[in-house]
Amino acid sequence: MKSTVMSWIREQELSFIERLTGNILKAGPMPKHVAFIMDGNRRFAQKAHVQRQEGHSQGFEKLAETLRWCLNLGIHEVTVYAFSIENFKRSKEEVDGLMELARQKFIRLLTEQENLEKHGVCIRVLGDLTLLPADLQQLIAKAVLATKAHNKCFLNVCFAYTSRHEIANAVKEMAWGVEQGLIKPSDVSEVLLSECLYSSNSPNPDLLIRTSGEVRLSDFLLWQTSYSCLVFQSVLWPEYSFWNLCEAVLQYQLSYRSLQKARDLHREGQALQQMEADRSCVAELLQNCGNGKPVDAQSRQRELLNYTASREDRVRCFLNALQHKRDTVFSDLSSQAVLA
């Protein structure tokens, strides 16, 4: 079947006019990380009078082509919404078909390691893998581990994912850290929650594109796209073109200054918020440990620096432990696949 031979990365080069357009675009600020809600596969299938499964297969083929365009434009990180947890509510036939398509693609990926290594592509899968069939979990784990060391470009596949599920999971991870004594309740912050998301190894997307004319995020990267350029395009995903991507990049460039200003202000606000939280903790510590005498400003500043350093150490140890916990899950799943 056609879908079994589709590659994750296309080798074909851009045409002269595409290269020329790309070079003109690259004279301006370019997004480093682009996220796609690849919508419209089912409508494309209906329009083309083919089975839904073929529409999804054509959607994967378009992803491979789009990755090539992104690489040629110097966009080295792409995140795609491949399967929402909400999609489990679809008919059993369609869900089973999507699971089978995913099996084919990850099996294919494992045979393409040489090509992926040549391009330095690191594949990450973000989502709740426990919701997937056991054999697919194992395939995904093998694929993730096989490309883990690659660092030229990154493809994040959101599978069995919703943003609210991701945020709720991050809160659980922080609660686990407190229970384990790795962090204190006072260490919990907006910044730490960001570090506990599935996407913690990636910068937030600069640009989010949704196809098919829908103008909502459908529970995709809600936390990460607060300061991203959002572009909604009417084209169905399997019909997406290089020129659609260029149009979206141009919209990002037109919004770049205001986006950058908003991000900078947010970062400054986070830093001030953390400083105030640290000062509050130090004041409480000094009050509990003191003998009623006022503490001079120099001593207070020294205590603040010590507290901040110890908090940063705690957070670093917690995040290392969290990463180890996640790595262990993938290693265990991969070893189960070998044994099977």
Side-chain angles (χ1 to χ4, degrees), residues 2-3 5-83 101 105 108 115 119 121 123 153-158 205-218 220-221 225 228-256:
K2 181 182 176 184
S3 61
V5 296
M6 280 189 272
S7 174
W8 280 73
I9 296 286
R10 292 289 190 83
E11 293 292 337
Q12 186 180 352
E13 292 298 321
L14 297 179
S15 68
F16 171 76
I17 190 69
E18 288 171 339
R19 285 200 310 274
L20 180 63
T21 304
N23 287 335
I24 292 170
L25 275 179
K26 284 191 275 190
M30 289 295 291
K32 295 178 176 64
H33 181 185
V34 177
F36 291 95
I37 300 177
M38 307 179 293
D39 198 15
N41 292 342
R42 296 197 294 176
R43 271 172 279 175
F44 170 80
Q46 188 176 18
K47 176 181 170 183
H49 305 292
V50 297
Q51 296 292 319
R52 280 183 178 177
Q53 188 70 358
E54 180 59 24
H56 292 304
S57 294
Q58 291 292 321
F60 178 83
E61 188 171 13
K62 184 55 63 176
L63 170 60
E65 197 171 6
T66 304
L67 290 173
R68 175 177 66 87
W69 298 332
C70 287
L71 287 175
N72 278 281
L73 287 173
I75 298 165
H76 292 287
E77 183 141 14
V78 171
T79 299
V80 295
Y81 206 0
F83 189 85
L101 183 63
K105 299 316 164 198
R108 178 68 187 174
N115 192 28
H119 291 285
V121 182
I123 307 283
C153 53
F154 302 88
L155 172 61
N156 306 309
V157 182
C158 292
D206 301 298
L207 170 64
L208 182 143
I209 299 167
R210 178 167 188 161
T211 56
S212 88
E214 295 289 345
V215 289
R216 54 197 171 89
L217 295 180
S218 296
F220 180 56
L221 301 181
T225 56
S228 303
C229 177
L230 309 181
V231 175
F232 300 97
Q233 298 176 302
S234 58
V235 61
L236 300 177
W237 175 251
E239 297 175 331
Y240 204 70
S241 73
F242 176 77
W243 306 109
N244 294 131
L245 179 58
C246 289
E247 178 197 18
V249 170
L250 185 58
Q251 287 193 49
Y252 165 77
Q253 292 179 335
L254 293 171
S255 307
Y256 177 76

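What you see is a predicted model; the values in this text were computed from it and never measured.
- The nearest pair of heavy atoms linking P238 to G55 is CG-O, 4.1 Å.
- Counting only N and O atoms by type, the side chains of Y240 and E65 include no donor and acceptor under 3.5 Å apart.
- For the atom pair OG1 of T79 and CD1 of I37, the computed distance is 11.5 Å after rounding to the nearest 0.5 Å.
- A donor-acceptor contact closer than 3.5 angstrom is absent between the side chains of Q58 and N41.
- The CD atom of E54 lies 14.5 Å from the NE2 atom of H49; values are rounded to the nearest 0.5 Å.
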Report the C-alpha distance between K62 and E239 in whole Å, list the side-chain angles of each, state the deciding distance to 0.1 Å, and finish with yes or no for side-chain contact (heavy atoms from CB on, under 4.5 Å). CA-CA 8 Å; K62 184 55 63 176; E239 297 175 331; over 6 Å; no
Might you work through the side-chain contact (heavy atoms from CB on, under 4.5 Å) test for M30 and D206, ending with a clear yes or no? CA-CA 9 Å; M30 289 295 291; D206 301 298; over 6 Å; no
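- For the atom pair F154 CZ and I123 CD1, the distance stands at 11.0 Å (nearest 0.5 Å).
- Looking at E77 and V34, their side chains never come closer than 4.5 Å, going by heavy atoms from C-beta outward.
- Interatomic distance, T211 OG1 to F232 CZ, rounded to the nearest 0.5 Å: 11.0 Å.
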Please assess R52 against Q46 for the test side-chain contact (heavy atoms from CB on, under 4.5 Å), listing each intermediate value before the final yes or no. CA-CA 7 Å; R52 280 183 178 177; Q46 188 176 18; over 6 Å; no
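- N244 places none of its side-chain heavy atoms less than 4.5 Å from the side chain of I209.
- Side-chain contact between I17 and W243: present, with at least one pair of heavy atoms (C-beta onward) separated by less than 4.5 Å.
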I would like to know whether V231 and Y252 meet side-chain contact (heavy atoms from CB on, under 4.5 Å); could you show each step before the answer? CA-CA 8 Å; V231 175; Y252 165 77; 6.0 Å; no
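- Heavy atoms from other residues, nucleotides or ligands lying under 6.0 Å from NZ of K26 number more than 12.
- Here L230 contributes atom CG and R216 contributes atom CZ; the two are 14.5 Å apart, rounded to the nearest 0.5 Å.
- At a threshold of 4.5 Å between non-hydrogen side-chain atoms, the residues W237 and D39 do not count as touching.
- The local environment of CD in Q51 is sparse, with at most 12 non-hydrogen atoms from other residues, nucleotides or ligands closer than 6.0 Å.
- Here the straight-line distance linking atom CG of L14 with atom CG of N23 works out to 9.5 Å at 0.5 Å rounding.
- Inter-residue side-chain proximity for C70 and L245 is flagged as met; some heavy-atom pair is nearer than 4.5 Å.
- Scanning both residues, R210 and S218, for their nearest heavy atoms gives NH1-OG, 2.6 Å.
- Here the closest heavy-atom approach between residue I75 and residue P31 is recorded as CG1-O, 3.4 Å.
- The aromatic rings of F220 and Y81 lie parallel to each other, their planes meeting at an angle below 30°, with 60° marking the opposite boundary.
- By the 4.5 Å heavy-atom criterion applied to side chains, L25 and C246 are counted as neighbours.
- Two residues are said to be in side-chain contact when any heavy atoms from C-beta on lie closer than 4.5 Å; N72 and E18 fail this criterion.
- Remark: the backbone N or O of L236 is not paired with any side-chain donor or acceptor of R43 at under 3.5 angstrom.
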